[in-house]
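Before any comments, here is the structure.
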Amino acid sequence: MKCCYCQKPIIKNLTIKELVQQKKSVELCWECAKLFTPLSIENRCDGCQKSLLKSESKSTHSQKTFCTDCLYWQERYPTYDFCHQSFFKYDEAMQTWFQQYKFIGDIRLAGTFAKQWQSLPKRFPDYRFCPIPLSNERLAQRGFNQVSQMLKVSGVTFQLLLKRVKHHSAQAQHSRAKRLAMPQPFALCVDPEQIKQCKILLIDDVYTTGQTLFHAASCLAEHQPTKIRTFSLAR
Ligand SMILES: [Zn+2]
Ligand SMILES: [Zn+2]
């Protein structure tokens with residue numbers, strides 16, 4: 001068995017199940033696993049999990065603490081009870097990994113965080129998992145949806161409920177102000193009845209401004225799901 005990031009062999013005793021199934025390599029070696037920093041819960045915004053300095057903390061009537069970004073979102077989307085969670089910090093190691101997986105398009109890395117993704121159905125037991133879709137242009141360019149691919153390799157069931165209606169050039173190329181001003185890029189691609197009274201977990205790769213997820217959530221919200229939570233690999 002090889003580490004799915006550095007490709008070095010992992011020496012371990014395989015279980016009978018692993019031997020029989022001859023599972024694809026979806027494991028990280030010990031050295032690669034410690035490269036990434038899990039997000040701690042302490043001193044974090046209750047909306048988006050951003051780490052807060054004491055001076056930044058602003059408590060609201062609900063005893064929760066929100067960052068200034070989330071207070072802005074609450075003003076823009078007053079009826080949406082926003083709560084975002086992530087596995088890891090988007091630090092240098094994570095950026096390097098994204099560079100190889102997403103931008104170079106090394107699909108072999110899709111299994112790097114399989115262990116984490118496999119924990120998601122337990123954390124959100126009655127939710128339907130919906131990855132953020134790519135535009136057709138982007139999908140053709142990269143060859144795979146980076147979120148769907150990770151879920152697929154991890155054996156986590158998901159469904160694309162949304163499609164992109166317009167192609168925008170890569171987020172990174174826009175300023176924050178420009179990104180925030182973008183019009184709704186999503187439309188529902190399933191029968192609205194399918195999401196009525198459902199709980200939905202929207203999944204993205206990285207949380208940056210939150211705009212993408214807010215657009216996606218507000219598109220779904222029109223069709224009366226009971227709850228929409230959001231999740232990303234890193235933030
Ligand atoms: Zn490794
Ligand atoms: Zn926040």
Side-chain angles (χ1 to χ4, degrees), residues 1-14 18 23-101 104 106-117 150 153-154 176-177 179-180 201-218 228-235:
M1 188 176 275
K2 277 183 193 168
C3 168
C4 62
Y5 191 22
C6 69
Q7 309 299 325
K8 284 187 199 144
I10 298 175
I11 316 288
K12 69 164 210 168
N13 295 323
L14 291 175
E18 285 168 323
K23 271 193 164 177
K24 255 191 256 157
S25 181
V26 286
E27 261 184 73
L28 278 181
C29 72
W30 180 75
E31 269 173 75
C32 288
K34 68 176 186 187
L35 288 174
F36 306 102
T37 317
L39 279 186
S40 67
I41 320 274
E42 272 162 47
N43 287 330
R44 295 210 163 253
C45 165
D46 284 311
C48 70
Q49 277 199 310
K50 182 180 180 174
S51 71
L52 298 172
L53 299 172
K54 275 265 146 54
S55 58
E56 283 177 305
S57 304
K58 280 184 190 132
S59 284
T60 63
H61 54 279
S62 57
Q63 305 291 318
K64 286 183 176 173
T65 307
F66 295 105
C67 70
T68 44
D69 291 351
C70 283
L71 294 174
Y72 161 83
W73 290 121
Q74 283 168 3
E75 228 166 80
R76 260 184 88 181
Y77 298 89
T79 56
Y80 177 29
D81 180 23
F82 176 67
C83 179
H84 181 83
Q85 287 177 295
S86 310
F87 292 127
F88 296 103
K89 214 169 151 180
Y90 191 55
D91 54 11
E92 226 180 290
M94 191 52 90
Q95 285 169 30
T96 307
W97 180 86
F98 266 98
Q99 184 62 28
Q100 199 181 332
Y101 176 53
I104 298 175
D106 188 348
I107 200 167
R108 292 174 305 170
L109 299 195
T112 310
F113 303 106
K115 223 197 225 163
Q116 282 77 17
W117 291 119
M150 288 193 279
V153 172
S154 312
R176 181 183 159 85
R179 268 183 274 155
L180 292 178
L201 186 71
L202 280 166
I203 308 174
D204 208 353
D205 49 4
V206 193
Y207 183 95
T208 42
T209 64
Q211 180 66 82
T212 308
L213 287 166
F214 274 93
H215 271 317
S218 70
I228 306 168
R229 296 278 299 266
T230 62
F231 203 93
S232 61
L233 175 66
R235 74 100 56 236

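Atoms within a ligand are numbered from 1 in the order they appear, just like the ligands themselves.
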Given the options F87, Y5, F36, F113 meets ring-ring contact (aromatic ring centres under 6.0 Å, His included) only with F36
Assert yes or no for the condition that the ring centre distance of F214 to Y77 is strictly below 6.0 Å.
yes
Is there side-chain contact between I228 and L202, with at least one heavy-atom pair below 4.5 Å?
yes
Could you tell me whether the side chain of H215 reaches within less than 4.5 Å of the side chain of Q211, counting heavy atoms only?
yes
At less than 2.8 Å, how many protein N/O/S atoms surround the Zn ion (ligand 1)? Leave waters out.
4
Stepwise, does the side chain to side chain contact (heavy atoms under 4.5 Å, CB included) test hold for W117 with I203?
CA-CA 11 Å; W117 291 119; I203 308 174; 3.7 Å; yes
Any N/O/S atom of H84 sitting less than 2.8 Å from the Zn ion (ligand 2), backbone or side chain?
no
Is there a side-chain contact between S218 and Y80 (heavy atoms, below 4.5 Å)?
no
To 10 degrees, how wide is the angle SG (C70) to the Zn ion (ligand 2) to SG (C48)?
110°
The Zn ion (ligand 2): angle it makes with SG (C67) and SG (C45), nearest 10 degrees:
110°
Find out whether K8 and C29 are in side-chain contact, i.e. whether some heavy atom of one side chain is under 4.5 Å from a heavy atom of the other.
no
